[in-house]
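Shown next, in structure tokens, is the structure this report addresses.
Chain naming here is simple, since letters A, B, ... match the order of the sequence lines and numbering starts at 1 in each.
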Amino acid sequence: MNIMVKSKEELLQQLSDCVFEMDDENAADVAKDYIAAGYEALDGVLKGLVDGMNRAGQMYEEEEYFVTDLLVCSDAMYNGLDVLREHLPQETAEGAVNYKCVIGVVEGDTHDIGKNLVRIMLETAGFEMYDLGRDVPLQSFVEKAKDVDAQLICLSTLMTTTMPGMKEVVDILVKEGIRDKVKVMIGGGPLSQAYCNQINADGYAVNATGAVTVAKQLVGMA
Amino acid sequence: MHTIALPRQNIKFSYDIREGKNLLNILVGQQIFIESPCGGRGSCGKCKIKHLGGDLLPLSDDEKECLTPKEIADGIRLACLIYPTGDLEIDIVDQEENHRVLTGGYVPEYEPNPAIRKKTLEIIKPTLEDQTPYELLFAKALGMDQLPWDVLRQITMGEGTYTGIFNKDQLIGIEKGDTRERLYGVAVDIGTTTVVAALIDLRTGDEIDSEAAINAQKNYGQDVLTRITYVLEHGKEGRDQLQTAIVDSLNEMLHTICERQQISPSLIYEIAIAANCTMMHMILGVDPLSIGKAPYAPIFVGAKDVKARDVGLTALSSFGRVYCLPAVSSYIGADIVAGAYVAGLHNRKDKVLFIDIGTNGEIVLSDGERLVSCSCAAGPALEGMNISCGMRAAHGAIEEVYFEKEQGFDLKVIGNKASLGLCGSGIMAAIRELLKHGFVTARGNIVKPEELEAGDPRLPYIDLDGKKRRIRIGEGPHKVLITQGDVRQVQLAKSAILSGFVALVKAMDLTFSDLDEVIVAGQFGAHLSVESLVGTDILPKAVRDKITYIGNSSKTGAYLALMSLETRREMIKLARDFNYLELSVTQGYERLFIECSQFKVK
């Protein structure tokens, strides 16, 4: 074979581009090439796939990318991640904080495309995500947060009728005496910063990329 | 009487030769509209129809002038120049502007048999020798054993002719004198945004007058979910307020009609209502909360027949009734059952898709045996809301847009005023043109000016607002701009509707080409041309030639329920035959939504 081994930078750029350019078919192959060339998996994730997802998020912010574009980008990212994951170092570095986040669509609502997008963007940003799905009983958010010792709960809904459930989650946290341990971020079509203030949640994000900024602020992630 | 059939539209109606009308006028009388710019004078040659069967007089010289030899060979004729003389079978020829719009509402044939009937009786005054109570005198004259308590309270001492009013077999009222000549009902469609009421003469089935108004519930929220939330936050009081709002609207509308027609409201005996499930709960004062939360089980879906006074409706006879048509589920309401019935889905054997486009897009697919339905949360963008330059269809609203390389944007503005903004049909037309001429890509991006060559006819219309691109379609004192965000709003709505459409077709194991007809219902849908529906990829281009319009089929369904007990029974059966597909939990729905987000118009 006379194929030149590509440089690490070149392959990282390709990984990033696969995600950014919605090339979900080639992402896995590029990831395999990257591993075969003996480069570090963690860099492949952070400087390749995640970089591409961040670029896509930037385009989404600028209205250049549509919601569905981001979903296809994330498909590419996960395809690449499936290859790189097993090569990742087993233990996280000493002293590194593991940011954990419980996310779900509140009870009474089954619309989850928006929530899925936020999960993807937060995952990309380095959060360890616990996705409870849709139509999630309110108590479950609190239980899961206690279980995994999460710093953040993200609540989503598309319907005005199910918004009061968000307040209830906040109230349950208060009642259980752990309100100061967990931050609550809310998002979804009918919501607003005003509603966030009204129910004493900690943050509101207008879209999936905004969610990353707010979430990082809330947990003090650099 | 003879009949005219339009097999492709599944329409058949009878007409009277003796009236000597030309075909165009006969069709218009049936609310079937063909483009006829010259007004039926035989000069423009636009009102083409295809002669499929039945006798017609030979082609006249006037017709020959307007038709090509090929059209003549194909059996094309001009509707305004032919005078039918017997049974006839025709097809309406497709035209750019003519989409077989059956706006006012196509009405299928039915056997008249209203629930409300009148029957006269004679009462001879009791005497000292015969002190038979009035109850028994009336009951005997009506062939009954006794009178309901309600009716007893309407009777006073007297003699002579009376009229008994029956709801099916139930005596509901007695009137003095012979009042059989005056017997009215009202067919009502309660939409989330607008309410339409039509006064019907129950003896003849004629629609005498109608009135439309904005649903006064809008003060409690634009859409059904916001109104349900209002009830959630205000409890019983909120529920009463919403009921009162719609009931007052209806009372007011009926008074307006009665005044205009010089008819006493007491001669209206029944109101038949078609509406979405939330509206039906609200007008009957039933708790709507469960509609707004998964698993979305409503309190009721069945047809209801109640006393109008009990729900606060007063602009009719004191013993008048309200009949509410049956629904299927929280998001497939009586309005859709009514529409599907009017479209003939209960007895058609071909493959028909029925779609009502609005804030929620409801879709029903029949493969001749089974019915499957779904509801798509399209949002209000298609109606011009959440659009930066959106406005309602009033003076100054752009309702149609064309782009020509040389002339730029050509706008049709309601009231011929300077353009102020875009109404729903205008935004659809604009997006259609932007896609057609490559201002917007299949992925929904406004094209970058730096990617166009100098002198490109599109360049002068692309505006920059910082980094963001906008397209300027209207000049003058008010610039009308389409922003990238506007395109995204429409894209979301169209993805929601198209993915519902595709999900149903897949659920039935069909393909687009299997569909025999796609019927577009609703007031709003009637304003969306085939060009706009297909040109924005709300409906796939594969069904372009199969699209027909049925108008406000919800109101027509209410009308049929008023006029015929058989149709009521058939609608109840139809509602039970519906299957419902909950899209948000359908396997692979997200994937489908992604696929449907592309504007596949080329």
Ionic contact status for B:D287 with B:K236, cut-off 4.0 Å: no
Tell me, side chain or backbone of A:D109 under 4.5 Å from chain B's heavy atoms, or both, or neither? both
Specify the closest pair of heavy atoms between B:L435 and B:G535, including all atoms of both residues, with the distance to one decimal. CD1-O, 3.5 Å
Is a donor from one side chain sitting under 3.5 angstrom from an acceptor on the other, for B:S375 and B:E362? no
Ion pair present between A:E63 and B:R488, side-chain N to carboxylate O less than 4.0 angstrom? no
Evaluate B:D463 against B:R470 for salt bridge (charged side-chain N to carboxylate O under 4.0 Å, His left out), listing each step before the verdict. CA-CA 5 Å; B:D463 249 16; B:R470 316 178 291 189; 3.7 Å; yes
Salt bridge check: are A:E64 and B:K468 linked by an N-O gap of less than 4.0 Å? no
Roughly how far apart are A:F66 CZ and A:L71 CG, rounded to 0.5 Å? 9.5 Å
Separation of B:E451 CD from B:D456 CG (nearest 0.5 Å): 11.5 Å
Expected contact set for residues 146-165 of chain A against chain B at heavy-atom separation under 4.5 Å reads A:M159, A:T160, A:T161, A:T162, A:P164
Whether B:R239 side chain and B:G285 backbone form a donor-acceptor pair below 3.5 Å: yes
Measure across B:I332 and B:C374 and return the closest heavy-atom pair with its distance rounded to 0.1 Å. CD1-O, 3.6 Å
According to the interplanar angle, ranging from 0 to 90°, do the rings of A:F20 and A:Y65 count as parallel (below 30°), tilted (30 to 60°) or perpendicular (above 60°)? parallel
Should B:S499 and B:V502 count as side-chain neighbours, where that means a heavy-atom distance under 4.5 Å? no
Listed by residue number, which members of residues 174-207 of chain A have a heavy atom under 4.5 Å from any heavy atom of chain B? none
For the candidates B:S290, B:G485, B:G444, B:G466, which exhibits the highest count of non-hydrogen atom pairs separated by less than 4.5 Å from chain A? B:G485
Should B:D223 and B:R227 count as an ion pair when the cut-off is N to O under 4.0 Å? no
How far does CG of A:N26 sit from CG of A:D33, to the nearest 0.5 angstrom? 10.0 Å
What part of B:E595 is in contact with chain A, defined as an atom under 4.5 angstrom from a non-hydrogen atom: side chain, backbone, both or neither? neither
What pair of heavy atoms forms the shortest contact from B:G358 to B:A378, and how long is it? O-CB, 3.8 Å
Apply side chain to side chain donor-acceptor pair (under 3.5 Å) to residues B:T192 and B:N276 and explain how you reach the verdict. CA-CA 8 Å; B:T192 307; B:N276 64 49; 3.0 Å; yes
Just checking, is any N or O donor in the side chain of A:Q14 or A:E10 under 3.5 Å from an acceptor N or O on the other one? no
Residue among B:Y296, B:F593, B:Y589 with most heavy-atom pairs under 4.5 Å to chain A: B:Y296
What's the separation between atom CD in B:Q217 and atom CG in B:L242, rounded to the nearest 0.5 Å? 5.0 Å
Heavy-atom closest pair, residues B:T441 and B:F599: O-CD1, 4.0 Å
Between A:Q58 and A:Y60, do the side chains contain an N or O donor and an N or O acceptor separated by less than 3.5 Å? no
Top contributor to chain A contacts, counting heavy-atom pairs under 4.5 Å, from B:R469, B:E582, B:Q491: B:Q491
Go through the atoms of B:L232 and report whether side chain, backbone, both or neither lie under 4.5 Å from a heavy atom of chain A. side chain
Chain B neighbours within residues 41-54 of chain A, where any heavy atom lies under 4.5 Å away: none
Is it the side chain or the backbone of B:I446 that comes within 4.5 Å of chain A heavy atoms, both, or neither? neither
Counting only heavy atoms closer than 4.5 Å, note whether B:S495 contacts chain A via side chain, backbone, both or neither. side chain
If I measure from the heavy atoms of chain B, does A:M22 come under 4.5 Å with its side chain, its backbone, both, or neither? side chain
Considering all heavy atoms of both residues, which atom of B:G292 and which atom of B:I228 are nearest to each other, and what is their separation? N-CD1, 4.0 Å
How would you list, in number order, the residues of residues 110-120 of chain A that have a heavy atom less than 4.5 Å from chain B? A:T110, A:H111, A:I113, A:N116
